[in-house]
Amino acid sequence: MDKETELQDIVEENENLNLKLQESMSSQNEHELKGEIKRLEECVAELKADMMDKETTLQSINEENEMLKMEINKLSDGGKVSEEITAIVEGAKATKREALMKLGIVMEEADRTNKKAASG
């Protein structure tokens, strides 16, 4: 075999090896991306569960607020409510605002995670 034919064979073998290497790297990247998608899906599921817990807490606080309002109405005397009851109501309102704020944060985190998972 002359040098030119030998060189051509080496070039062809080199091209074949490069193709195999690219296919292998592509497969590895795909595997890594699938793992990342699975991890993000687990995060989304965890955030959804957390959000449901927050919604349950919020519902509980809303029910407590309604009960307090009814108590205030029962205890009020000609529109006069004691300072203690007013403080309780204000505390309940503050708790409700805090729960709504936390729920909003969790929902934003879930949206960001969903967007990342969708674009990934």
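This is a predicted model, so every value here is computed, not measured.
- Shown here are the side-chain contact (heavy atoms from CB on, under 4.5 Å) partners of Glu66, two or more places apart in sequence or in another chain: Lys69.
- Between atom CD of residue Glu4 and atom CD of residue Gln8 there is a gap of 8.5 Å, rounded to the nearest 0.5 Å.
- Salt bridge present: Arg39 and Glu36 bring a charged side-chain N and a carboxylate O closer than 4.0 Å.
- Of the inter-residue distances, the one linking Asp111 atom CG with Lys116 atom NZ reads 12.5 Å to the nearest 0.5 angstrom.
- Rounding to the nearest 0.5 Å gives a distance of 11.0 Å between CD of Glu90 and OG1 of Thr95.
- Residues that satisfy the side-chain contact (heavy atoms from CB on, under 4.5 Å) test with Asp50, not counting sequence neighbours, are Lys54, Val106.
- Rounding to the nearest 0.5 angstrom, the gap separating the CD1 atom in Ile105 from the CG atom in Leu100 is 11.5 Å.
- A heavy-atom distance below 4.5 Å is not found between the side chains of Glu42 and Glu46.
- With rounding to the nearest 0.5 angstrom, the OG1 atom of Thr5 is 11.0 Å from the CD1 atom of Ile10.
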Would you mind writing out the side-chain donor-acceptor pairs for residues 55-65 within the sub-3.5 Å range, not counting sequence neighbours?
{"from": "Thr56", "atom 1": "OG1", "to": "Met52", "atom 2": "O", "distance (Å)": "2.9"}
{"from": "Thr57", "atom 1": "OG1", "to": "Asp53", "atom 2": "O", "distance (Å)": "3.0"}
{"from": "Gln59", "atom 1": "NE2", "to": "Glu63", "atom 2": "OE2", "distance (Å)": "3.3"}

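- Screening residues 16-27 for side-chain hydrogen bond (donor to acceptor under 3.5 Å, both in side chains), with sequence neighbours left out, gives no hits.
- Take Met107 and apply the side-chain contact (heavy atoms from CB on, under 4.5 Å) test, not counting sequence neighbours, and it matches Met51, Leu103.
- Note that the CD atom of Glu109 and the SG atom of Cys43 stand 10.5 Å from one another [nearest 0.5 Å].
- Evaluation of the side-chain contact (heavy atoms from CB on, under 4.5 Å) rule for Glu32 yields Gln28, Asn29 as partners, not counting sequence neighbours.
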